[in-house]
Amino acid sequence: MFQGLRWRLLLSYLTVMAAILSLFGTGVYVFVSRNLYYQLDKKLLTLAQAAAASFTPVKMKGPRYLNQVDAVPWRDIFNRDQQSLEWFDAKGQLLASRGALELDSRLRVGSQTQEEKQKPRQVRTYTISVFKDGSTPNQPSLEGYIRASQSMEDIQIFQRQMLWGLGMGGVMGLGLVGLGGLWLTQKALEPIEQSFQQLKQFTADASHELRSPLMAIKASVDVMRNHPERIHPKDAKKLAAIASATDQMSHLSEDLLFLARNDSKISTPSREKITISLNKILKNLLELLEPFAQDKEVKIQSQWLATVSVVGDESQLSRLFCNLLENAIQYTPAKGKVDLILAKNNRFAVVSVKDTGIGIEREQLPFVFDRFWRADKARSRREGGTGLGLAIAQAIAQRHGGKITVTSQVGVGSCFQVRLPAI
């Protein structure tokens, strides 16, 4: 139980940490990428502004000016392989260009990302407007545009490297978090495990120690009831109530002791698992419970579809099916019936106990095998009942390598099905 809880806690811890690392990595990636684009835009703006002084000569002489002039101010910051400069008139017509990048003539003032014509790569552009003084003061006229461009290959390579770095760092971080999480969950569950073990030990010790005083009370009550002449008539009902309560406490202590031993994986030392006929066990139980069913006016029907044997503890298996049959009879109203069916499915023995009782609500089905759970909590506790019968039945089935399933419908009835490995 705690092993599964430990892994669920670790998985939850890793999920939360993975979400945090993902958000952190995404934030770092977006922040660095935006900063790179911002720095690139500033660089292109500087390049375009440096080339603005040459706009008038380029407009007058065209590309010849760029070839003739040796000292152009923007040449010191211009990279022909990765960058380009383009001069456009006021109508957007290309006047001249320099650089290896080939782009279309669509212009938009400010920054923009475009695809290069000849190569499948992206290019960042920055376009500025060039004005000249007009005839009217404070109303300069548009002379043209200058577009500075640069390939984004270096930035994209850096982004891929950053993604790989963040991804590998995240995986390594999750690995370290997982190792740390194992240690943390172990430390966090140690007090709970210790308390649980102490509670199980207390339950086993208390159940064991209760048996002796309960047996003494029961023996004393039996002696008194065997001599009714010594008992005042008014005390007879009190003794009967004491005897009933003593029997119920005895059953409860035995059930708790069994479950505590099962939780601790302590097997009963007095018996060994042997080959047992399920047909024989079920027939004996039918004979034993027939008077109880008659008192309740419940009809028991049996169906033997196969002869099946299993390996196990006969007394425990008898207790398993006795608990199921007693529950079926107890919660079936008068004139109802209980069907007991034994069959074989592949390599499994299948025992079905089906009743026409009060049924169980759908939302309560997952809790049927919880300890002290009852199908009808509004009813008073039946004599000798402890609310542990189904929990004990499940524990015995699991100890024998099997399982119990239940289907039910309120007002129609319930069907408990036990699957055990057959031989």
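Keep in mind it's a predicted model, so treat the numbers as computed, not measured. All values below were derived from every heavy atom in this structure, side-chain atoms included, with hydrogens, water molecules and symmetry-related copies excluded.
Taking CG of L36 as the start and CG of D41 as the end, the distance is 11.0 Å to the nearest 0.5 Å. Rounded to the nearest 0.5 angstrom, L342 CG and L340 CG are separated by 7.5 Å. The structure places CG of L289 at 5.0 Å from SG of C322, a figure rounded to the nearest 0.5 Å. Atom CG of L282 and atom CZ of F321 lie 5.5 Å apart (nearest 0.5 Å). Expressed to the nearest 0.5 Å, how far OH of Y126 lies from OG1 of T46 amounts to 9.5 Å. Between I300 atom CD1 and T332 atom OG1 the span is 9.5 Å, to the nearest 0.5 Å.
Side chain of K296 to main chain of Q330: a donor-acceptor pair is present (N/O by atom type, distance under 3.5 Å, no hydrogens or angles). Side chain of N284 to backbone of K280: a donor-acceptor contact under 3.5 angstrom is found. Put simply, the side chain of S54 gets close to the backbone of A51: a donor and an acceptor are under 3.5 Å apart. A donor-acceptor pair is defined here as one N or O able to donate and one able to accept, closer than 3.5 Å; no such pair exists between the side chain of D355 and the backbone of I329. A donor-acceptor pair under 3.5 Å is absent between the side-chain atoms of R6 and the main chain of L9, judged by distance alone. Between the side chain of H400 and the main chain of V310, no donor-acceptor pair closer than 3.5 Å is present. Of the possible polar contacts, one joining the T356 side chain to the K337 backbone as a donor-acceptor pair under 3.5 Å is found.
Nearest approach of A393 to L320, heavy atoms of both residues: O-CD1, 3.6 Å. In terms of heavy atoms, S149 sits closest to L44 at C-CD2, 3.8 Å. Residues L142 and S129 approach most closely at CD1-CB, 3.9 Å, considering heavy atoms. Nearest heavy atom pair, residue N279 against residue A306, reads ND2-O, 3.0 Å. Between F369 and I404, the shortest heavy-atom contact is CZ-CG2, 3.4 Å. Across every non-hydrogen atom of I396 and Q316, the tightest pair is CD1-O, 3.2 Å.
For the pair V32/F158, a side-chain contact is recorded, criterion being any heavy-atom separation below 4.5 Å from C-beta on. Inter-residue side-chain proximity for L179 and W183 is flagged as unmet; no heavy-atom pair is nearer than 4.5 Å. Looking at L317 and I276, their side chains come closer than 4.5 Å, going by heavy atoms from C-beta outward. Residues F348 and L420 form no side-chain contact, since every pair of their non-hydrogen atoms from C-beta on lies 4.5 Å or further apart. Under the 4.5 Å side-chain criterion, counting only non-hydrogen atoms from C-beta, I341 is not in contact with Q301. Counting only heavy atoms from C-beta outward, the side chains of I358 and V410 never approach each other to under 4.5 Å. The closest side-chain heavy-atom distance from V350 to Q417 is below 4.5 Å. Contact of the E86 side chain with the Y145 side chain is not registered, since no non-hydrogen atoms from C-beta on lie closer than 4.5 Å.
In this structure, a donor-acceptor pair under 3.5 Å is present between the side chains of Q122 and Q156. If you check the side chains of Q82 and Q150, you find no donor sitting under 3.5 Å from an acceptor. Using modelled atom types and a 3.5 Å distance limit, the side chains of T113 and R124 yield a donor-acceptor pair. Between the side chains of S414 and S408, at least one donor-acceptor pair of N or O atoms lies under 3.5 Å.
Of the charged side-chain nitrogens involved, none lies within less than 4.0 Å of a carboxylate oxygen, so that D89 and K91 do not count as a salt-bridged pair.
For W304, the CH2 atom is densely surrounded, since the number of other residues' heavy atoms within 6.0 Å is greater than 12. Other residues, nucleotides and ligands contribute only 12 or fewer heavy atoms inside 6.0 Å of the NZ atom of K354.
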key: Full working for side-chain hydrogen bond (donor to acceptor under 3.5 Å, both in side chains) between T125 and R147   = CA-CA 7 Å; T125 67; R147 181 169 67 184; 5.4 Å; no
inquiry  = Applying side chain to side chain contact (heavy atoms under 4.5 Å, CB included) to R98 and S84, what does each step give before you reach the verdict?
reply    = CA-CA 5 Å; R98 276 293 179 269; S84 68; over 6 Å; no
key: Evaluation steps, side-chain hydrogen bond (donor to acceptor under 3.5 Å, both in side chains), between S33 and Q159   = CA-CA 7 Å; S33 296; Q159 286 179 318; 3.1 Å; yes
Pair V298-F292, side chain to side chain contact (heavy atoms under 4.5 Å, CB included): steps then yes or no = CA-CA 9 Å; V298 174; F292 177 45; over 6 Å; no
message = Pair Q112, T127 - check side chain to side chain contact (heavy atoms under 4.5 Å, CB included), show working.
response = CA-CA 8 Å; Q112 186 181 9; T127 304; 5.6 Å; no
request  = Evaluate the side chain to side chain contact (heavy atoms under 4.5 Å, CB included) criterion for residues W87 and L94: first the C-alpha distance (whole Å), next the side-chain angles of each, then the deciding distance (0.1 Å), finally the verdict.
outcome  = CA-CA 6 Å; W87 289 261; L94 182 64; 5.8 Å; no
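The only member of L184, T185, L182 that meets side chain to side chain contact (heavy atoms under 4.5 Å, CB included) when paired with Y13 is L184.
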